Amino acid sequence: MRDARLYNSLTRQECIIGTRLALSFYSCGPTVYDDAHIGNFRSFLNADILRRTLELLGHRVKHVMNITDVGHMTEDSSADGGGEDKMAVAGRRLAEAKKSGKLPPGASADIDPSSPTAIADFYAARFLEDARHLGLKVAIEAEAIRTSGGNPDTLMPRPTRCIPQMVVMIEQLVAGGHAYVAQDGAVYFDVRSFPAYGRLSGNTLDQLREGAGDRIDAAHQAVKRHPADFLLWKPDSKHLMRWPSPWGEGYPGWHIECSAMARMLLGDEIDIHSGGEDNIFPHHECEVAQSCCATSLPVFARHWFHTRHLQVEGEKMSKSKGNFFTARDLFAKGVTPAALRLELVRTHYRSNANFTMQGLQDCQRMVDRWSRMQAQLVGSAKQSVAAGEHLDPGPLERALAQFTEALCDDLNVSRAIAALNEAVGAPPEAHTSVCPHRELASLLAMDSVLGVLGRNTPVAGAAPAQSPEFISAVETLITQRAAARAAKDWPESDRVRAELTKLGVAVKDGPQGATWSMA
RNA sequence: GGCCGCGUACCCAAGUGGCCCAAGGGGACGGAUUGCAAAUCCGUUAUUCGUGGGUUCAAAUCCCACCGCGGCCUCCA
């Protein structure tokens, strides 16, 4: 088995990723107060590319991605539970949308905006749908488990259903002297009890104290032993979502969820942990501290994989700049999942990627080219019964080796794609006289990582449907034009095409007659 | 204020001391094909890597300064 070299945020150098056959992989997933945007998906899809690469190399990967459905606080600058519950904010937004009749498409009219569970379920379902369209394998697997009557939480756990495991972990931390109940009744992690705190992010406790500045709420800070101590359990009898615990009814801190769920599903020590770069501190730093202290092991995740942020048209993505996109927004415009997936993963995960509409089109053309190659190979393979073991490897078979090598080199997707493109663009004669079965298998092996060939059609129901009247009007014009062309009446043919263009219809003449699509 | 990353053609983007007068894709342009288009195919498109210095026989790649962009420093993928 070939070894993949991958940059590890923890050691700050490239290292060989686990050589064992079976690997465990935990990814920080979405929060479900709103639809996931393309920046979120860049992080999730890069984790997916890593997972698929490891599988291409022959590993068996158990990949877990959580769906955070606990309502955290909006103004929780001190990590101590201030502000408003985000799920309540989402509920209010939904309630307003409901009143004004502007519920997001697909939202059931009887959704109860005052129920946090209903809101979380609503957005979780939408996330899973987007994720499956984009080929996020863990979401596809979880769906398969669900439809066969199993429990999808084993791959995509929900914190609200894992509270007992979190409570157990917090109890262990308290018992081990790593956590304490403060005067305000809340349970905090004692960062000074874990000397390695700060190793992942490079932050030292001193720097944190300096950098904390005015964002720390003095009232909360006063009860903690160290300003960097973070919340594990917040007793709050009025909170929107609350559960019983030895420290009173309340809710868990933000960081304990992932530690508890990773442990529950993957064990005390895991091979790979992924997330966006902004998760490094404080979230992942705190996870390491909690997990190591609860398990008494020196290591929690052996390898940390962080994806850098996505920019849009060269700028930071933000709602106010009008460059904020969810996957659903783009699907609704007719963007294919294949093109979006490729656009989001084709830049190296440790560089800031720049999402552009032009780039999306570039990706669409690449996918189209690969699809044509696939169709051509399927056709040749049908005619050639026997696998040509004796024939020399073709361009795609040779490209597969380069493709794999590029991915093994810190997941160099750009170079991998270049290898594929070069093979597809090889002169036509290079593609004949080689075994089409082996060529096709090589193409599909590359696509098992890229994951685009099966997703090159617009999402059903996403593009605005045309009325039957419109369609029949277009068909009539197409027929008229065909008649004109048959009579070689070119001016009439062009006149009809101009009319179609006015309707927003583009017409293309192919060997099987004309086809049309909305321009 | 502290820490960190980045800046390669019209656009996206690989390359991190000699194989680079810099991969791959898109676009543009020229040609083939087509009634004309579309699609497809063939070809052209950076002596140069943010700017200015330096190190070296050799720099896009290392060092310094400056300019620009981005991330983190208890919401965030």
Side-chain angles (χ1 to χ4, degrees), chain A residues 12 27-31 33 36-47 72-80 82-83 86 201-204 206-213 215-217 220-221 227-231 254-255 274-283 285-286 306-311 313-317 342-344 346-348 350-366 368-369 372 406 409 412-422 424-425 427-428 485 488-491 493-494 497 501 506-511 514-517:
Chain A
R12 281 161 238 266
S27 291
C28 281
T31 49
Y33 323 124
H37 56 69
I38 55 175
N40 300 125
F41 274 113
R42 164 147 138 108
S43 164
F44 306 146
L45 289 175
N46 268 118
H72 292 311
M73 298 295 117
T74 52
E75 294 165 24
D76 210 354
S77 57
S78 54
D80 302 334
K86 284 187 180 172
S201 62
N203 289 329
T204 67
D206 289 353
Q207 282 172 335
L208 285 175
R209 195 170 5 211
E210 310 244 329
R215 295 180 71 183
I216 296 290
D217 177 335
H220 283 119
Q221 288 309 96
D229 287 354
F230 55 91
L231 188 76
W254 316 343
H255 310 305
S274 77
E277 61 176 323
D278 55 336
N279 279 155
I280 296 173
F281 192 87
H283 186 54
E285 191 72 69
C286 294
H306 291 108
T307 298
R308 294 195 83 87
H309 276 187
L310 180 74
Q311 289 177 253
E313 306 286 355
E315 285 191 283
K316 188 175 172 174
M317 179 165 67
L342 191 59
E343 170 71 358
L344 292 177
R346 67 169 166 156
T347 305
H348 193 263
R350 284 198 290 125
S351 301
N352 283 121
N354 187 14
F355 175 91
T356 61
M357 284 302 163
Q358 175 65 254
L360 207 50
Q361 282 172 36
D362 292 0
C363 288
Q364 184 60 62
R365 299 200 55 147
M366 267 193 265
D368 286 344
R369 212 147 72 95
R372 278 198 302 276
D409 181 12
N412 194 329
V413 178
S414 285
R415 226 171 68 208
I417 290 172
L420 170 56
N421 274 324
E422 225 163 338
V424 170
R485 292 186 76 232
K488 295 200 190 293
D489 183 354
W490 309 127
S493 163
D494 289 343
R497 182 160 60 192
T501 306
V507 57
K508 292 177 189 177
D509 299 316
T515 56
W516 65 277
S517 58

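Letters A, B, ... are given to chains in the order of the sequence lines, protein chains preceding strands, and every chain is numbered from 1. These numbers were taken from a predicted model, which means no experiment stands behind them. Just so it is clear, the values below take in all heavy atoms, side chains as well, and ignore hydrogens, waters and symmetry mates.
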Q: Answer with base, sugar-phosphate or nothing: what part of the nucleic acid does Asn279(A) contact at a heavy-atom distance below 4.0 Å?
A: sugar-phosphate

(Q) So if I take every side-chain heavy atom of Arg369(A) and compare against G26(B), G35(B), A77(B), which nucleotide ends up nearest? (A) G26(B)

Q | Check: Asp362(A) side chain, G25(B) base, donor-acceptor under 3.5 Å | A | yes

Q | Options G71(B), U40(B), G70(B), nucleotide nearest the side-chain atoms of Asn352(A) | A | G70(B)

**Q.** Least distance between heavy atoms, His348(A) atom then Asn412(A) atom
**A.** CD2-CA, 4.1 Å

Q | Residue matched to U45(B) through Watson-Crick or wobble contacts both under 3.5 angstrom | A | G27(B)

Q. Rounding to a whole Å, what distance do you find between Ile417(A):CD1 and G26(B):C1'?
A. 13 Å

Q. Is Thr347(A) touching bases, backbone alone, or none of the nucleic acid, heavy atoms closer than 4.0 Å?
A. sugar-phosphate

Q: Pick base, sugar-phosphate or nothing for Leu310(A), based on heavy-atom distances below 4.0 Å to the nucleic acid.
A: base

Q: Scan every strand shown for a Watson-Crick or G-U wobble partner of C69(B), both distances under 3.5 Å, and answer none if you come up empty.
A: G5(B)

Q. Is the side chain of Asn46(A) donor-acceptor paired with the backbone N or O of Thr307(A) at a distance under 3.5 Å, no angle test?
A. no

**Q.** C12(B) and A37(B), which share atom name C1', separated by this distance in whole Å
**A.** 28 Å

Q. With a 4.0 Å cut-off on heavy atoms, is Gln311(A) in touch with a base, just the backbone sugar-phosphate, or nothing at all?
A. sugar-phosphate

**Q.** Base-pairing assignment for C75(B) (Watson-Crick or G-U wobble, both under 3.5 Å)
**A.** none

Q) Under 4.0 angstrom, heavy atoms only, what part of the nucleic acid is Asp509(A) near: base, sugar-phosphate, or nothing? A) base

Q. Does OP1 or OP2 of C69(B) have a side-chain N or O of Lys316(A) closer than 4.0 Å?
A. no

(Q) Can you tell me which nucleotide in G35(B), G71(B), A77(B) comes closest to the side chain of Asn40(A)? (A) A77(B)

Q. Of all the choices, G70(B), U74(B), C12(B), which nucleotide is nearest to the side chain of Asn354(A) once you look at every atom?
A. C12(B)

Q: For nucleotides A46(B) and A13(B), find the distance between their C1' atoms and express it as a whole number of Å.
A: 14 Å

Q: Please state how far atom NZ in Lys488(A) lies from atom P in U34(B), giving the value in whole angstrom units.
A: 12 Å

Q.
What contact category does Arg365(A) fall into here, base, sugar-phosphate, or nothing, at under 4.0 angstrom with non-hydrogen atoms?
A. sugar-phosphate

Q) Hey, is the side chain of Asn412(A) poking within less than 4.0 Å of OP1 or OP2 on G15(B), counting only N and O atoms? A) yes

Q) What is the distance from CG of Leu344(A) to C1' of A13(B), rounded to the nearest Å? A) 15 Å

**Q.** Who pairs with G18(B) - Watson-Crick or G-U, where each distance is under 3.5 Å
**A.** C57(B)

Q | His309(A) NE2 to C4(B) C1', straight-line distance once rounded to whole Å | A | 14 Å

Q.
Between G15(B) and C3(B), how far apart are the two C1' atoms, rounded to whole Å?
A. 28 Å

Q: Give one of base, sugar-phosphate or nothing for His37(A), where a contact means two heavy atoms less than 4.0 Å apart.
A: base

Q) Any side-chain heavy atom of Val424(A) within less than 4.5 Å of one from Arg372(A)? A) no

Q) Distance check: side-chain N/O of Arg350(A) vs OP1/OP2 of G71(B), anything under 4.0 Å? A) no

Q | Expected output: side-chain Gln311(A) to main-chain Asn352(A) donor-acceptor under 3.5 Å | A | no

Q. Which one is paired to A32(B), where only Watson-Crick or G-U wobble pairs with both distances under 3.5 angstrom count?
A. U40(B)

(Q) Can you check the distance between G24(B) and A14(B), where both ends of the measurement are the P atom (answer in whole Å)? (A) 15 Å

**Q.** Arg42(A) side chain near Arg308(A) side chain, heavy-atom distance below 4.5 Å
**A.** yes

Q | Distance in angstrom units between Glu422(A) CD and G26(B) P, rounded | A | 13 Å

(Q) Rounded to whole Å, please give me the gap between NE2 in His283(A) and P in C73(B). (A) 13 Å

Q) According to a strict under-4.0 Å criterion, is Arg346(A) in side-chain N/O contact with OP1 or OP2 of A13(B)? A) no

Q) Could you state the NE2-C1' distance from His348(A) to U8(B), rounded to the nearest angstrom? A) 17 Å

**Q.** Note: Arg365(A)-Asp362(A) ion pair, threshold 4.0 Å (strictly below)
**A.** no

Q: Pick base, sugar-phosphate or nothing for Asp368(A), based on heavy-atom distances below 4.0 Å to the nucleic acid.
A: nothing

Q.
Is it the case that G25(B) (base atoms only) and Ser414(A) (side chain only) share a donor and an acceptor within less than 3.5 Å, ignoring hydrogens and angles?
A. no

Q) Quick one: which of A37(B), G5(B), C73(B) gets closest to the side chain of Arg308(A)? A) G5(B)

Q.
Counting the atoms with a prime plus P, OP1 and OP2 as sugar-phosphate, which does Ser493(A) contact under 4.0 Å by heavy atoms, base, sugar-phosphate, or nothing?
A. base

Q: Report yes or no: does Ser27(A) contribute a side-chain atom to a donor-acceptor pair with the main-chain N or O of Ala47(A) at less than 3.5 Å?
A: no

Q: Quick one: label Gly39(A) by what it contacts on the DNA or RNA (base, sugar-phosphate, nothing), any heavy atom closer than 4.0 Å.
A: base

